[in-house]
Amino acid sequence: MAQPIKPARTSSATAQRHRVRQDLAAAAMHLFAAQGYEATTVDEIAAAAGVARRTFFRHFRSKEEAIFPDHDDTLVRVGEVLESAEPHEHPLDTVCRGITEVLRMYAESPEVSVERYRLTREIPILREREIASVARYERLFTRYLLGHFDESAHRDGDDDPLLAEVAASAVVAAHNHVLRRWLRAGGKGDVEAQLDHAFVVIKDTFGTGIGGGRVLPAAPPATVSTTGDVVIAVARTDASPAEVMRTIEKALKGA
């Protein structure tokens with residue numbers, strides 16, 4: 001039987017990649033803070049992290065990208081959360097679980113996240129990079145929610161894209177609001193509990209229009225069958241008496 005060597009090597013390579021990216025990010029943030037973004041070069045970042053210039057470009061395309069080392073990996077984890085959701089789970093719950101992965105990325109290293117937040121506020125190009133990264137999550141959530149709207153809850157299916165985008169934007173906005181408040185407080189406090197509270201507000205607002213997938217047309221309030229001189233009616237528990245009577249009268253007229 002072959003030995004399971006490949007997974008171990010893969011794990012080791014992944015850990016090495018993660019460590020190099022974190023070292024480069026730490027070096028970039030330190031240099032940006034010490035001597036300014038414009039004055040800092042890729043060569044200086046690589047040297048401070050103890051790697052070659054070519055190693056830097058194996059991990060990042062530019063120096064501004066270097067202070068966001070985890071967004072790509074986190075986007076993959078978020079996608080896995082959405083893809084592995086149980087059929088019975090409410091789609092908004094799934095999306096909220098997904099963006100919690102993003103929050104945990106920041107909460108894993110509070111000091112680093114606080115410093116990065118300070119830099120993004122001071123350096124426009126870093127702020128633009130952060131905004132572009134957040135937009136990737138929002139697009140992912142929009143695509144997911146778009147496939148889970150309950151068509152029977154809306155008069156016009158053309159509204160589905162609008163509602164999906166609004167709901168996804170609300171989830172991202174809640175995350176950003178909670179995250180910024182936490183960062184301004186120096187990374188102190190139970191940030192996940194704060195996010196959970198924000199999710200309650202979102203689900204109360206958008207939960208009625210989103211179901212567990214595309215649904216079949218709603219069943220009629222009542223149905224009847226006739227056998228000789230007997231009429232048998234079967235009604236939903238939420239059917240009004242008037243709806244039931246109309247169905248029975250129609251059946252009697254056609255008998």
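Since the model is a prediction, treat every value here as computed from it, not as a measurement.
- Cluster note: Val76 groups with no other residue, as no ILVMFWY side-chain heavy atom lies under 4.5 Å from it.
- Glu80 CD to Leu75 CG: the interatomic distance, rounded to the nearest 0.5 Å, is 10.5 Å.
- Taking hydrophobic clusters as Ile, Leu, Val, Met, Phe, Trp and Tyr residues chained together by side-chain heavy-atom distances below 4.5 Å, Ile125 shares a cluster with Phe60.
- Listed for the Glu89 side chain is no donor-acceptor partner under 3.5 Å among the backbone atoms of Ala85.
- Cys96 SG to Leu195 CG: the interatomic distance, rounded to the nearest 0.5 Å, is 7.0 Å.
- The ring pair (Phe, Tyr, Trp, His ring centres under 6.0 Å) check on Tyr37 picks up Phe32, with sequence neighbours excluded.
- Between Ala198 and Val178, the shortest heavy-atom distance links the atoms CB-CG2, 4.2 Å.
- Under the side chain to side chain contact (heavy atoms under 4.5 Å, CB included) criterion, Gln16 pairs with Arg19, Val20, not counting sequence neighbours.
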Evaluation steps, side-chain hydrogen bond (donor to acceptor under 3.5 Å, both in side chains), between Glu115 and His30: CA-CA 9 Å; Glu115 175 62 17; His30 173 75; over 6 Å; no
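- Leu24 and Phe57 end up in the same hydrophobic cluster when Ile, Leu, Val, Met, Phe, Trp and Tyr side chains are linked at under 4.5 Å.
- When every heavy atom of Val201 is checked against every heavy atom of Thr205, the shortest pair comes out as O-OG1, 2.9 Å.
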Stepwise side-chain contact (heavy atoms from CB on, under 4.5 Å) test for Val191 and Tyr106: CA-CA 10 Å; Val191 69; Tyr106 290 95; over 6 Å; no
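- Between His18 atom NE2 and Asp23 atom CG the span is 9.5 Å, to the nearest 0.5 Å.
- Pairing each heavy atom of Pro69 with each of Ala25, the nearest pair is CG-CB, 3.7 Å.
- Leu183 and Val112 fall into different hydrophobic clusters, where Ile, Leu, Val, Met, Phe, Trp and Tyr residues are linked whenever their side-chain heavy atoms come under 4.5 Å apart, directly or through other members.
- Rounded to the nearest 0.5 angstrom, Ser133 OG and Arg136 CZ are separated by 6.0 Å.
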Just list the side-chain donor-acceptor pairs under 3.5 Å for residues 139-146, sequence neighbours left out, or say none.
residue, atom, partner, partner atom, Å
Thr142, OG1, Glu138, O, 2.9

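- For the pairing with Asp43, the salt bridge (charged side-chain N to carboxylate O under 4.0 Å, His left out) check across Arg53, Arg54, Lys63 returns one residue only, Arg53.
- When side chains are defined from C-beta on, Glu64 does not count as touching Leu119, because their heavy atoms never get closer than 4.5 Å.
- Arg180 and Tyr117 share no side-chain donor-acceptor pair at under 3.5 Å.
- Looking only at side-chain heavy atoms (C-beta outward), Gln22 and Asp70 come within less than 4.5 Å of each other.
- Under the 4.0 Å criterion applied to side-chain N and carboxylate O atoms, Arg104 and Glu101 are assigned as salt-bridge partners.
- Met105 and Met29 fall into different hydrophobic clusters, defined by Ile, Leu, Val, Met, Phe, Trp and Tyr side-chain heavy atoms under 4.5 Å apart, directly or through other members.
- Note: the hydrophobic cluster containing Phe68 does not contain Tyr137 (ILVMFWY, side chain heavy atoms under 4.5 Å, direct or indirect links).
- A donor-acceptor contact closer than 3.5 angstrom links the side chains of Thr55 and Arg58.
- Among pairs with a residue in residues 171-190, none fulfils ring pair (Phe, Tyr, Trp, His ring centres under 6.0 Å), at least two apart in sequence or across chains.
- Once rounded to the nearest 0.5 Å, the distance linking CD1 of Ile202 with CG of Leu92 reads 8.0 Å.
- Side chains of His90 and Lys203 form no contact here, defined as non-hydrogen atoms less than 4.5 Å apart.
- In this structure, the side chain of Glu44 engages the main chain of Thr41 through a donor-acceptor pair within 3.5 Å.
- In this structure, CZ in Arg21 is found 10.0 Å from CZ in Phe56, a value given to the nearest 0.5 Å.
- Using a 4.5 Å cut-off on side-chain heavy atoms (C-beta onward), Ile99 and Leu103 make no contact.
- Annotation: ring pair (Phe, Tyr, Trp, His ring centres under 6.0 Å) contacts of His59 (sequence neighbours excluded): none.
- Using modelled atom types and a 3.5 Å distance limit, the side chains of Gln35 and Thr40 yield a donor-acceptor pair.
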